[in-house]
Chemist: 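Supplied in structure tokens, the structure appears directly below.
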Amino acid sequence: MKELIQYIARSLVDHPEEVQVNEVEGEQTTVLELKVAKEDLGKVIGKQGRTARAMRTILSAASTKCKKRTVLEILE
């Protein structure tokens, strides 16, 4: 899942070398923390959060297939 979000985020931003994804494992849920360059934050979130919502939808579908629960958090 980490690689999936990393790939999508790097494709969207101007500074792909600054994309960081940290995986925090919980008992039932895995949290993916996405951090990008400050000037790329708007590109990852998108208009009215549409891009972020789309990334969360893709992540949800992929994690359901693996029988896991994964949540995406976009850090500033």
Chemist: Applying side-chain contact (heavy atoms from CB on, under 4.5 Å) to T51 and L12, what does each step give before you reach the verdict?
Modeler: CA-CA 10 Å; T51 306; L12 292 171; 3.7 Å; yes
Chemist: My understanding is that only residues two or more places apart in sequence, or in another chain, count here; which of them pass side chain to side chain contact (heavy atoms under 4.5 Å, CB included) with A52?
Modeler: R56, I74
Chemist: Which residues pass the side-chain hydrogen bond (donor to acceptor under 3.5 Å, both in side chains) test with E18, not counting sequence neighbours?
Modeler: none
Chemist: Say you draw a straight line from CG of L59 to CD1 of I5; how long is it, rounded to the nearest 0.5 Å?
Modeler: 4.5 Å
Chemist: Can you list the other members of the hydrophobic cluster that holds V24, where links are side-chain heavy atoms under 4.5 angstrom apart?
Modeler: V31
Chemist: Check the surroundings of atom CD in Q48: do more than 12 heavy atoms from other residues, nucleotides or ligands lie under 6.0 Å from it?
Modeler: no
Chemist: For T29, check side chain to side chain contact (heavy atoms under 4.5 Å, CB included) against everything at least two apart and list the hits.
Modeler: R69, V71
Chemist: Give, for atom CG of L72 and atom OG1 of T30, the distance between the pair rounded to the nearest 0.5 Å.
Modeler: 12.5 Å
Chemist: Grab the two heavy atoms, one from A62 and one from M1, that are nearest each other, plus how far apart they are.
Modeler: O-CE, 3.4 Å
Chemist: Not counting sequence neighbours, list each pair that qualifies as a salt bridge (charged side-chain N to carboxylate O under 4.0 Å, His left out) and has a residue in residues 19-46.
Modeler: D14-K43
Chemist: State which residues pass side-chain hydrogen bond (donor to acceptor under 3.5 Å, both in side chains) with K68; sequence neighbours excluded, sorted by chain then number.
Modeler: none
Chemist: What are the two closest non-hydrogen atoms of L34 and M55, and how far apart are they?
Modeler: CD2-CE, 3.9 Å
Chemist: So how far is it from I58 CD1 to R53 CZ, rounded to the nearest 0.5 Å?
Modeler: 13.0 Å
